[in-house]
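Worksheet: one structure, shown below.
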There are 2 protein chains.
Amino acid sequence: MSPKVSEAHKEQRRADILQAAEKVFAEHGYEKTTMKHIMDEANVSRGGLYLYFSSKEDVFETLLEEDILSYQEKMRKHLQSETNNTSYWHTLLTTLYGNEKHENMAIGPASSTILEFFITGRNDEERRSYGKKRYTLAIQMYIDIIEKGKESGEFSQEAQSDMIARSIVAFTDGVFLDYTIVGNEDVKMNEQIKYFTHYLAFALGVKQT
Amino acid sequence: MSPKVSEAHKEQRRADILQAAEKVFAEHGYEKTTMKHIMDEANVSRGGLYLYFSSKEDVFETLLEEDILSYQEKMRKHLQSETNNTSYWHTLLTTLYGNEKHENMAIGPASSTILEFFITGRNDEERRSYGKKRYTLAIQMYIDIIEKGKESGEFSQEAQSDMIARSIVAFTDGVFLDYTIVGNEDVKMNEQIKYFTHYLAFALGVKQT
DNA sequence: TTGAAAAAAGACACTAGTGTCGTTATAATG
DNA sequence: CATTATAACGACACTAGTGTCTTTTTTCAA
């Protein structure tokens with residue numbers, strides 16, 4: 001239903017395809033998802049789909065790009081918001097574990113698929129460097145928070161921002177990996193997070209709430 | 001070179017195939033490896049290969065089984081050896097980081113491939129439960145060491161074996177995952193391990209060497 | 001209203017893999 | 001040395017996916 005259409009319409013179509021793709025990627029994972037899956041979910045023909053994206057990888061990388069943008073946006077807001085400025089410890093916790101309602105970490109099928117994408121592509125130079133970019137970004141984000149907390153006197157001056165940031169990423173990646181493979185119940189995620197939080201408080205020199 | 005052969009010869013052939021398979025799996029990862037790769041590396045024909053294994057998954061699972069056996073064997077020796085009985089902290093460290101020569105964790109292409117195998121198969125019920133088995137085994141192993149250390153008075157009575165064991169697995173999995181995706185240099189693995197060791201000593205109530 | 005531009009469709013050719021099966025070659029045995 | 005069971009081989013048929021290309025459909029504009 002549409003030739004020689006407006007730019008807006010094309011944008012919409014593209015967005016629809018991406019939304020459909022996101023769904024099937026979450027459902028089947030990266031490797032098992034095929035262009036056919038996306039076509040069916042998005043109600044678009046083969047030819048139509050290839051008009052917008054040149055390959056499965058193209059589709060997925062577009063989603064990744066969106067994901068990283070929204071992530072940075074969220075981060076930016078977090079650090080700017082005035083309510084959070086009062087406690088970097090609180091900022092750290094919400095960044096780690098989701099929002100105030102004590103939600104779990106941002107864990108879900110999408111994240112598992114991203115993991116899969118980078119692991120199966122670990123021998124591909126391009127994917128590798130993209131993975132590094134994401135990793136570095138995450139580390140830097142935590143470093144920023146910790147540094148600000150040190151400046152404000154909330155965290156101990158002895159805290160090694162870089163190593164603590166890396167520990168956070170390693171631990172969350174690990175819990176998340178175990179969760180992906182083994183499932184929530186068996187990993188006792190919530191308890192592990194609580195346990196790790198104690199350690200973090202210790203390492204940063206914060207008295208726990 | 002062989003019909004109506006001895007049982008020993010067949011065992012040998014099978015072992016050769018497995019060795020070749022191990023090599024190509026390490027090189028290409030699980031998904032990208034094909035039966036053709038294994039055939040070529042093992043110098044066996046298609047028909048020959050299928051005489052010993054019914055599928056790629058069959059080959060890989062056999063390797064996994066071997067891996068887990070040698071792992072348990074190593075563990076058993078560690079716990080029985082008299083030299084290590086004197087210090088469970090030492091046992092814990094060598095278990096974690098490899099042997100006395102301060103080698104790194106048992107990290108390599110094989111482990112990345114195992115990771116890949118479980119992640120891409122996360123929606124398959126059989127692989128999932130196999131993954132759980134491995135996870136549970138690892139946790140239990142650490143629990144055992146910690147419990148013995150508590151009995152011997154080397155570790156604090158307050159140490160929560162289960163949660164510490166899980167932390168260890170989560171952290172090592174995380175460092176390992178990051179290493180797989182991003183590479184050694186960028187993850188600063190050695191420093192992270194050292195850092196984590198401090199925490200472990202703290203959690204277990206051990207004075208560091 | 002009609003013609004042109006291009007969006008959408010889907011048939012097609014191609015590729016890369018799998019697992020099977022009839023044939024060939026050879027090691028053990030009498 | 002001849003026989004025979006069977007290990008090993010490799011051609012084959014099949015499947016599941018990809019990306020392309022021609023055809024059809026539809027919207028916009030003159």
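The analysis underlying the following values was restricted to heavy atoms, covering all of them including side chains, and did not include hydrogens, waters or symmetry mates. Chain naming here is simple, since letters A, B, ... match the order of the sequence lines and numbering starts at 1 in each.
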**Report entry** Side-chain (A/K56) to main-chain (A/E31) donor-acceptor, under 3.5 angstrom
**Finding:** yes
[X] side chain: which of [options] is closest?
X	options	value
B/Y52	C/dT20, D/dT18, D/dA8	D/dA8
B/S45	C/dT18, D/dA8, D/dT20	D/dA8
A/T34	C/dT18, D/dC9, D/dT18	D/dT18

Would you kindly give the [atom1]-to-[atom2] distance between [X] and [N], to the nearest whole Å?
X	N	atom1	atom2	value
A/L51	C/dA6	CG	C1'	9 Å
A/N43	C/dG10	CG	P	11 Å
B/H28	C/dA16	NE2	P	15 Å
B/Y50	D/dC14	OH	C1'	13 Å
B/K36	D/dA11	NZ	P	11 Å
B/H9	C/dT26	NE2	C1'	11 Å
A/E57	D/dT18	CD	P	12 Å
B/I17	D/dC9	CD1	P	9 Å

Contact under 4.0 Å: [X] side-chain N or O vs [N] OP1/OP2:
X	N	value
A/K10	C/dA7	yes
A/R13	C/dA8	yes
A/K56	D/dT18	no

Query raised in the report: CD of A/Q19: more than 12 outside heavy atoms within 6.0 angstrom?
Result: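 Counting neighbours around CD of A/Q19, 12 or fewer heavy atoms of other residues, nucleotides or ligands fall under 6.0 Å, so no.
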Requested in this report: Could you pick out which residue, A/H37 or A/G47, lies toward the 5' side of DNA chain D when each is mapped onto its nearest nucleotide?
Outcome: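 The 5'-side residue here is A/H37.
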Report task. Would you please indicate if the ring centroids of A/F171 and B/F171 are separated by under 6.0 Å? Result -> no
Query raised in the report: Can a donor-acceptor pair be found between the side chains of A/E147 and A/S161 at a distance below 3.5 Å?
Result: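 Distance-only check passes for A/E147 and A/S161.
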**Report entry** Partner of A/Y130 by side-chain hydrogen bond (donor to acceptor under 3.5 Å, both in side chains), out of A/E65, A/E61, A/E125
**Finding:**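 Of A/E65, A/E61, A/E125, side-chain hydrogen bond (donor to acceptor under 3.5 Å, both in side chains) with A/Y130 is met by A/E65 alone.
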